[in-house]
There are 2 protein chains.
Amino acid sequence: MRPTLQTVADAVGVSRSTVSNAYSRPDQLSTDLRDRILSAARDLGYAGPNPTARSLRRGRAGAIGVLFTTGLSYAFSDPYAVQFLRGLAESVERHDTGMLLIPMSNTDEEASARAVADAVVDGFCVYCVPEWHASLAAMRDRQLPVVTTEIRDDHRGDEIQVGIAERPAMAAAARHLHALGHRDVAVLIADMAPATAAGPLRVDSPDAIRYYVDRERAHGVAEVFPWAEVTLINAAGNSRGAGAAAAAHVLDRAERPTAILACSDVLALGALDAVAARGLRAGADISVTGFDDVPEAARAGLTSVRQPSVSKGALAGELLLENKRETADRRVLLPTELIVRASTGPAPSRS
Amino acid sequence: MRPTLQTVADAVGVSRSTVSNAYSRPDQLSTDLRDRILSAARDLGYAGPNPTARSLRRGRAGAIGVLFTTGLSYAFSDPYAVQFLRGLAESVERHDTGMLLIPMSNTDEEASARAVADAVVDGFCVYCVPEWHASLAAMRDRQLPVVTTEIRDDHRGDEIQVGIAERPAMAAAARHLHALGHRDVAVLIADMAPATAAGPLRVDSPDAIRYYVDRERAHGVAEVFPWAEVTLINAAGNSRGAGAAAAAHVLDRAERPTAILACSDVLALGALDAVAARGLRAGADISVTGFDDVPEAARAGLTSVRQPSVSKGALAGELLLENKRETADRRVLLPTELIVRASTGPAPSRS
DNA sequence: CTCGCGTACTGTATCGATACAGAGGAACTG
DNA sequence: CAGTTCCTCTGTATCGATACAGTACGCGAG
């Protein structure tokens with residue numbers, strides 16, 4: 001059997017409490033005794049206080065759970081998500097806390113829900129999880145502090161929210177295109193559950209879009225362009241390849257839109273790939289906008305809606321772990337800004 | 001006080017064990033009683049069995065710790081790392097296990113070491129952590145199963161290893177360049193501790209390179225080109241920007257090398273950026289090779305050494321969590337392949 | 001000499017569950 | 001009707017630590 005605190009205590013001839021103090025509260029005992037205890041522990045091959053037992057007794061897990069969309073794969077391949085994670089990691093680390101990644105499977109929601117129920121954590125951070133996902137219910141059952149990256153009016157309970165005003169942010173991109181003379185535009189979204197086929201989609205209203213963020217952004221477009229005249233394009237996932245494939249569907253049509261508003265830079269970059277593959281010139285033959293303003297967008301000359309990424313994550317972690325949680329703002333709205341680059345230009349005249 | 005199993009048991013008038021069974025072993029009691037228990041639990045606001053307590057009693061944390069290089073930031077921005085993580089996540093998930101990310105701070109190694117010591121996990125996966133990092137010692141103290149992504153002859157203890165033959169893999173790229181007539185080449189590495197300045201570096205032998213993987217790859221180059229004639233370039237980190245900045249140092253020299261062998265695609269792509277920024281043509285004026293063969297490499301026409309990414313992660317998870325750990329191979333060597341694209345071509349004749 | 005006080009260590013209760021042996025009773029067997 | 005088996009449920013021991021109140025003792029002050 002592996003040694004425990006008691007094993008060490010017996011070996012040195014002191015009480016278990018004292019050995020515990022040797023590790024966790026060095027000021028509670030003489031240096032001499034402490035050294036004797038630690039060296040005895042080494043001799044016995046004692047691995048140090050068991051973190052699980054410590055967590056139980058202390059009532060603190062020392063980690064937060066991060067609920068991530070879509071089997072991790074897309075999440076990680078979006079530079080925006082990566083930056084968010086990085087900010088989160090940094091602030092979480094400052095609080096001597098870890099990050100337990102909990103991927104949200106689309107194929108087996110129950111597995112994800114189980115993972116949430118079993119997670120040894122002190123709180124949760126929800127990033128881009130569709131509202132209907134079973135794991136969210138499991139998370140609420142835990143009754144732990146939660147921070148989400150969406151600002152919603154219909155938000156449940158007392159979740160902390162850190163996010164942007166999705167609708168006006170996207171509307172800014174739409175207005176930009178409208179001012180350039182575009183009248184026939186398409187919106188490119190990533191279906192978060194790969195149930196719907198890739199390609200053009202007919203929905204009567206933005207409200208029919210299942211995932212909140214995309215829905216709000218579509219509403220932003222609808223503030224500028226009559227929704228009935230907007231083409232909605234569904235991508236098979238939030239990846240560059242999926243964006244290219246989805247964009248291809250409308251680029252090959254006789255009457256193609258003069259502009260595409262993508263709900264993420266990753267999708268937009270994919271659209272640019274598809275545009276280039278057809279020998280079209282982005283910003284001239286067709287305009288494309290993205291969302292997030294990831295570093296890659298600057299390299300590609302993509303017009304995009306910038307939103308803070310790293311600081312969004314950092315703030316989420318901060319608010320979640322701050323103990324003076326009562327006083328702090330439970331809802332933080334971050335600024336956005338439209339960055340205009342070469343991928344948008346005047347609408348081509350109809351031939 | 002929050003309700004516990006006992007609270008629910010008292011409310012229903014059964015024993016604590018029975019309530020526990022209602023959650024964890026439904027077959028042990030009648031459906032009728034189970035329903036009564038679960039509904040009573042709901043009424044009482046019982047959040048379900050406490051995962052920490054469960055972990056302690058079961059002797060299983062239900063998570064593995066992932067030790068990641070350099071404050072998470074670079075790790076996540078390398079698509080290769082992301083793919084590895086994805087594979088790892090998938091296999092870990094199959095075992096009903098979670099992933100606790102443990103970022104390795106370079107500025108505060110002790111903080112990382114503490115995070116490792118306190119992590120509630122059943123094992124560790126080490127990805128790209130420099131061997132001198134304090135957290136590795138802390139990890140070994142835990143005496144838990146470990147899998148690393150490096151195949152080393154001098155490996156300690158009984159770590160499981162999943163990796164590639166670094167030296168011959170890189171040598172293949174070097175031979176490819178040699179066959180194209182290149183004689184003056186540079187090796188681009190990412191210093192894992194940002195102690196050394198970016199730019200050309202003089203070291204007597206590849207052995208002086210601190211980080212194992214880079215060291216081995218440099219040895220691979222040295223198998224083909226006399227080391228004394230190879231220029232070593234240090235980048236400030238494993239990022240595209242750092243790669244570009246480092247490459248710039250030698251591109252602007254009067255006698256620039258005719259080829260650059262980068263130790264990662266991210267660095268190589270940065271080098272390509274620097275090449276393009278100077279109006280040079282990759283594959284003609286200068287050749288560039290990468291390592292990993294990430295999707296981006298194909299788009300950029302980058303010659304690269306392909307290594308399995310997703311399956312490397314998946315295999316690491318599998319070997320770590322498989323319970324028949326005794327019989328399984330504790331050391332798995334994965335294949336690599338040189339993928340030749342447009343970024344390499346014949347050496348330009350000296351003018 | 002007694003009181004007060006700080007330092008160094010001890011002992012017990014407790015964190016919240018699961019494992020496992022076993023009890024009680026119904027049903028089936030011969 | 002005793003014997004066996006199965007199904008439900010119970011009770012106690014236990015996982016490995018930390019919290020906290022308390023003891024013992026040395027030492028300076030009044």
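Just so it is clear, the values below take in all heavy atoms, side chains as well, and ignore hydrogens, waters and symmetry mates. All chains are named by letter (A, B, ...) in the order of the sequence lines, taking the proteins before the strands, and each is independently numbered beginning at 1.
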J.: Under 4.0 angstrom, heavy atoms only, what part of the nucleic acid is A/Leu5 near: base, sugar-phosphate, or nothing?
T.: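 The residue A/Leu5 makes base contact.
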J.: With the side chain counted from C-beta on, respond yes when A/Arg57 and A/Ser20 share a heavy-atom pair under 4.5 Å apart, and no when they do not.
T.: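 No, their side chains stay 4.5 Å or more apart.
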J.: Among C/dA19, D/dA19, C/dT18, which nucleotide sits nearest the side chain of B/Ser17?
T.: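 Of the candidates, C/dA19 comes closest.
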J.: When all nucleic acid strands are considered with a 4.0 Å heavy-atom cut-off, which category describes A/Ser30: base, sugar-phosphate, or nothing?
T.: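 A/Ser30: backbone/sugar contact only, no base atoms under 4.0 Å.
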J.: Are any of the side-chain nitrogens in B/Glu90 or B/Arg86 under 4.0 Å away from the carboxylate oxygens of its partner?
T.: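 Salt bridge: yes.
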J.: Run B/Arg331 and B/Asp153 through salt bridge (Lys or Arg N to Asp or Glu O under 4.0 Å) and show every step you take.
T.: CA-CA 11 Å; B/Arg331 212 162 170 184; B/Asp153 289 326; 3.3 Å; yes
J.: Could you say whether A/Arg16 or A/Leu33 is positioned toward the 5' end of DNA chain C, judged by the nucleotide with the nearest heavy atom to each?
T.: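 Result of the comparison: A/Leu33.
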J.: Could you state the CG-C1' distance from B/Asp118 to D/dG16, rounded to the nearest angstrom?
T.: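 In whole Å, D/dG16 C1' lies 15 Å from B/Asp118 CG.
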J.: Can you label the angle between the B/Tyr46 ring and the B/Tyr23 ring as parallel, tilted or perpendicular, going by 30° and 60°?
T.: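 B/Tyr46 vs B/Tyr23 ring planes: perpendicular.
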J.: CZ of B/Arg2 versus C1' of C/dC15: gap in Å, rounded?
T.: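 Rounded to whole Å, this separation is 14 Å.
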J.: Kindly state which residues belonging to residues 41-65 of chain B come within less than 4.0 angstrom of DNA chain D, counting heavy atoms of the residue only, listed by number.
T.: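 Going residue by residue through residues 41-65 of chain B, the ones with a heavy atom under 4.0 Å of DNA chain D turn out to be B/Leu56, B/Arg57.
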J.: Answer yes or no: is there an ion pair linking A/Arg152 with A/Glu159, defined by an N-O contact shorter than 4.0 Å?
T.: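 No salt bridge links A/Arg152 with A/Glu159.
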J.: Base, sugar-phosphate, or nothing for B/Thr18, non-hydrogen atoms under 4.0 angstrom?
T.: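 Base: the residue B/Thr18, judged by heavy atoms under 4.0 Å, touches a nucleobase.
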